[in-house]
Amino acid sequence: MDTIENMDLASVLSLFEQSSLSEMELSCSRYSLKFKRPTSEDQVVVSTPVKTVAKKAEAAEPVAQSASEDLQTINSPIVGTFYLTPAPDAPPYVKVGSQVKQGDVVCTIEAMKLMNQLETEYDCEIVEILAKPEALVEFGQPLFKVKKL
Amino acid sequence: MDTIENMDLASVLSLFEQSSLSEMELSCSRYSLKFKRPTSEDQVVVSTPVKTVAKKAEAAEPVAQSASEDLQTINSPIVGTFYLTPAPDAPPYVKVGSQVKQGDVVCTIEAMKLMNQLETEYDCEIVEILAKPEALVEFGQPLFKVKKL
Amino acid sequence: MIKKLLIANRGEIAVRVIRACRDLGIKTVAVFSTADANTLAVRMADEAVCIGESATDKSYLNVPNIITAACALRCDAIHPGVGFLSENADFAKKVEDAGLIFIGPKSETIALLGNKVAARTAALAAKIPITPGSTEVLKDLADAKETAKKIGYPVILKAAAGGGGRGMRIVRKEEQLEQSLQIAKKEALSFFGDASVHMERYLEQPRHVEIQLLADGQGTVVHLGERDCSVQKNHQKLLEESPSPILDEEMRKAMCADSVRLFKELGYRSAGTVEFLVEDGAYYFMEVNARLQVEHPVSELVSSIDLVQAQIAIAEGKKLNLKQKDVPLKGYALECRINALSAGKITNLSFPFGPFVRVDSYLETGSVLSPYYDSMIAKIIVWASDRDKGLAVMMRALEEVVIEGIKTNLEEQKLLITSKQFRSGRFGTDLYQKVCEQEK
Amino acid sequence: MIKKLLIANRGEIAVRVIRACRDLGIKTVAVFSTADANTLAVRMADEAVCIGESATDKSYLNVPNIITAACALRCDAIHPGVGFLSENADFAKKVEDAGLIFIGPKSETIALLGNKVAARTAALAAKIPITPGSTEVLKDLADAKETAKKIGYPVILKAAAGGGGRGMRIVRKEEQLEQSLQIAKKEALSFFGDASVHMERYLEQPRHVEIQLLADGQGTVVHLGERDCSVQKNHQKLLEESPSPILDEEMRKAMCADSVRLFKELGYRSAGTVEFLVEDGAYYFMEVNARLQVEHPVSELVSSIDLVQAQIAIAEGKKLNLKQKDVPLKGYALECRINALSAGKITNLSFPFGPFVRVDSYLETGSVLSPYYDSMIAKIIVWASDRDKGLAVMMRALEEVVIEGIKTNLEEQKLLITSKQFRSGRFGTDLYQKVCEQEK
């Protein structure tokens with residue numbers, strides 16, 4: 001077999017054709033080449049044999065998400081009802097702009113009649129409240145957008 | 001094994017093919033290469049839910065095939081048993097190398113106990129006999145490779 | 001014993017017959033047109049032979065090519081499927097003459113029942129009610145006028161050699177009769193090569209109810225109950241169900257008994273169907289379909305009998321080891337025909353699975369639908385203990401269907417099934433127009 | 001009336017329950033682990049809630065998260081599926097305490113039957129033959145020695161609180177007894193938190209035959225015949241069939257009558273199974289599975305009863321409007337479990353269709369199999385009029401299966417079904433070893 005520099009176009013093309021490749025680029029001292037083959041449809045449509053209703057499923061995705069510039073999310077560790085206040089008429093644990101220290105309580109999540117107080121794991125500032133008060137939050141659902149301090 | 005600079009394209013390609021990679025880029029003093037293979041997301045694999053037994057089905061494909069340099073095929077217009085001779089002990093209508101004129105009989109195809117004589121539509125030379133004598137030929141099956149005269 | 005069988009058909013029914021053959025340990029030969037080279041039946045069959053070009057008269061109706069393929073590949077039998085050559089007495093005869101077994105009725109039976117006047121005469125002889133009308137072909141205009149007067153307008157003129165809704169004319173007044181008769185004769189001649197026409201009373205909104213039968217030609221005939229096929233669009237069936245929501249037990253029994261008696265008198269062999277029209281609490285013999293029908297799975301699900309396997313066993317000369325009491329009919333079955341409304345490539349496909357759902361199709365992701373053939377691409381059939389439950393199961397199944405790349409009637413079928421009229425069970429053959437066309 | 005139901009499970013059984021709910025017009029809530037976010041059950045359900053990480057103890061066994069989700073989304077009921085929490089009395093109790101309907105037996109019944117010694121005692125009280133052995137937990141080594149002498153070696157030590165093949169020890173000689181007893185107690189303690197152990201005679205090559213029952217807890221109990229589940233690999237069932245090829249009518253009747261009597265005495269509610277061992281023409285009570293089973297479709301196909309729908313109706317407090325004579329068992333059904341032998345992405349998938357074939361699965365082309373969960377990915381279930389025909393239909397169905405991208409046991413299952421031993425119907429629980437491992 002010839003060295004790459006000395007191959008003729010037909011030979012290169014033939015190798016590409018026989019291969020399973022969809023794209024190939026080649027450059028050397030004497031020439032450069034670029035091949036591309038259309039794949040059948042170029043895409044796989046994953047079948048969805050059922051109507052996709054509005055789902056909370058997507059909410060689980062950003063579990064480990066960390067946005068740019070030190071923005072993080074505090075995610076729900078359990079399934080439960082999200083409360084910003086310790087009691088209906090009490091002031092909220094935090095507001096947008098609040099600065100909290102590690103171990104401070106930021107919300108209550110009620111599950112099986114137990115009020116679970118969620119503590120931050122690091123010092124941070126509350127940038128946004130993502131979950132809706134008194135609504136169900138699922139495992140991994142982002143509750144707050146925060147900025148690490 | 002050669003050093004990377006001295007490898008030929010086929011060897012590089014072969015290594016890539018055997019790998020689990022979907023993309024590869026390589027550059028060295030003498031050349032640079034980039035391969036991309038369709039991942040399963042890219043391609044639609046047409047499902048074949050049944051064993052694919054050896055079929056004559058493929059034979060139907062080259063119906064309209066015309067090879068390079070004036071080579072053509074004479075295809076069967078019906079389903080039947082292919083005979084090269086008019087009778088068991090008679091000489092064949094044609095052999096490889098025979099030159100036939102438009103309207104000359106080149107073979108017999110038996111169907112429903114009728115002997116159908118197949119005539120050429122143009123002057124030609126028999127280059128190859130493609131069908132097996134006394135075997136079933138299907139519609140569109142190439143019987144002879146011929147060169148137009 | 002049949003060891004190898006050729007299927008003279010295509011699409012879902014070819015796949016259906018291949019599955020039955022696999023269950024019976026019979027090898028299969030598929031035949032195909034050039035347009036169908038890459039279809040499921042061709043790949044599933046043990047062998048496959050190309051028999052002609054796309055146009056059906058060049059391939060699936062090409063009798064010499066089909067029979068030659070069967071003989072050359074040493075088949076023992078030919079199954080004609082549904083449509084194409086399945087009700088062609090001449091084809092059945094040629095198959096028999098070639099020393100092969102025809103999976104279906106005797107060719108004489110097919111020939112007799114192919115003539116609608118002869119079939120009416122046979123029904124009358126078996127004391128089955130037929131629609132009021134002529135029992136012979138109409139001699140002339142005077143005969144037609146007299147007959148029409150006797151039975152009352154509206155009347156319908158039908159080609160004696162006809163079927164499939166062609167060569168038919170509805171006449172509502174005597175003034176129209178002369179012209180209509182001329183046109184009907186011309187159509188009959190051009191479609192069927194026979195200008196004979198007969199006359200029946202025209203029923204405005206009848207139900208189409210048919211009885212499925214199985215007969216071994218050796219004295220045993222059993223029925224598998226009825227199918228109600230009243231939901232139609234342009235005379236093409238869309239939904240078929242069993243039992244019919246409008247038959248009472250008495251009428252069902254009478255129709256089944258009549259059908260069994262007719263098949264006994266005909267010495268009928270194989271699976272077959274007696275079609276009736278039902279209106280105002282009375283039923284009238286329409287015709288016999290001397291073949292397997294598209295909607296046969298409905299009867300398979302209520303009877304637990306595989307009709308294609310039974311056809312093959314009967315064709316092998318086996319006796320039906322069944323009495324009527326061995327065919328208990330259980331629950332409710334419904335078939336929904338999925339039709340393509342455009343040709344093209346199926347880019348994404350997903351059929352329903354799970355309990356009490358059956359799918360008969362030949363489609364795969366990537367299949368290319370050619371415009372040459374029947375638009376029916378899949379049958380979804382469900383079983384449940386009663387009709388209300390069956391409709392729920394069908395909706396569950398239809399909601400799981402995904403067909404992308406072509407247009408289909410899937411949404412129309414969902415509309416029909418959820419419509420108040422269909423759910424009530426009380427509707428006529430105009431249901432499709434009322435539900436689907438008024439939507440638009 | 002249940003309007004919304006949460007399915008505390010995943011995979012094919014979650015899809016199965018969703019289909020039953022759709023048939024009944026009940027809304028569904030799926031729960032899922034982070035690994036299962038993109039699975040069919042999650043997309044099919046009307047709503048879906050993430051309940052934890054991939055590991056089952058963090059998600060599908062996370063009782064507070066499951067019950068909280070059901071309450072917050074205003075569900076009326078929870079269906080536990082099979083496995084996971086389906087036989088957990090404490091879970092059932094917590095579901096009831098939360099004001100929800102648990103689709104299954106009463107929590108007391110689950111608790112009672114979860115103790116194997118208590119279950120044996122209940123069976124004895126109902127005059128059902130049990131394997132010779134202790135009816136109480138073993139007190140000490142002396143008690144064990146005396147019991148073993150009475151029933152004869154080999155014996156088997158079983159954790160009283162056990163199940164699923166764990167905490168069991170076979171003892172062939174008295175010399176091994178002391179050591180085995182110590183190990184069995186340790187295993188029982190570590191697996192089930194209870195060191196209690198009892199002793200039974202060990203049967204070398206028994207058949208596993210189980211009776212499917214349906215009871216409304218209001219006095220009505222019917223059986224749906226038996227399933228023979230003797231084809232196993234490492235105590236995991238591979239093929240299940242009904243009727244069993246080794247039961248005669250007399251033994252079948254006796255086993256069914258015994259099972260119905262036991263359920264009546266237990267005041268059992270919902271679907272449940274009594275498992276027996278059969279050897280040398282005798283049968284012995286083994287245990288009750290107080291839940292739906294993986295292989296339930298086998299009984300659905302011979303009885304035409306949808307067991308999941310029936311479970312739900314019973315949980316709603318409806319009476320079973322059935323007498324035993326209303327449950328005729330018809331023909332033969334066989335289930336084949338398709339198991340993944342490797343994790344990964346399914347690059348190509350095609351399941352069988354056509355007559356008398358049912359597929360229960362949750363796979364789609366593109367699905368990624370995670371290594372966290374059960375390896376069973378699909379169940380193929382077929383029906384036919386008898387066993388020989390059923391095996392042919394199953395082979396036809398298996399030959400249509402295409403699963404690419406992962407390894408499966410498909411070829412092993414084909415080997416089993418075509419093996420002389422399986423076809424004969426006469427084999428023991430070592431069939432898999434004999435057929436599949438000797439091939440290698």
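Letters A, B, ... are given to chains in the order of the sequence lines, protein chains preceding strands, and every chain is numbered from 1.
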CD/A:Glu138 to OG1/D:Thr68 distance, rounded to the nearest 0.5 angstrom?
->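 The distance works out to 13.0 Å.
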
Give, for atom SG of D:Cys71 and atom NZ of A:Lys113, the distance between the pair rounded to the nearest 0.5 Å.
->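 Rounded to the nearest 0.5 Å, the SG-NZ separation comes to 7.5 Å.
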
When you look at NZ of D:Lys4, are more than 12 heavy atoms from neighbouring residues, nucleotides or ligands closer to it than 6.0 Å?
->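 Counting neighbours around NZ of D:Lys4, more than 12 heavy atoms of other residues, nucleotides or ligands fall under 6.0 Å, so yes.
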
List the atom of [X], the atom of [Y], and the distance in Å for their closest heavy-atom pair.
X        : Y        : value
D:Ile51  : A:Phe139 : C-CB, 3.5 Å
D:Cys50  : A:Val79  : O-CG2, 3.5 Å
A:Leu136 : D:Ala69  : CD1-CA, 4.4 Å

Mind ranking D:Ala72, D:Ala30, D:Gly52 by heavy-atom pairs under 4.5 Å with chain A and telling me who comes out on top?
->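 Option with the top pair count is D:Gly52.
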
Closest-packed option against chain A by number of heavy-atom pairs under 4.5 Å, given D:Pro64, D:Ser367, D:Ser59 |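 Heavy-atom pairs under 4.5 Å are most numerous for D:Pro64.
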
Of the backbone (N, CA, C, O) and the side chain (C-beta and beyond), which part of D:Ala98 lies under 4.5 Å from a heavy atom of chain A, both, or neither?
->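 Neither the backbone nor the side chain of D:Ala98 comes within 4.5 Å of chain A.
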
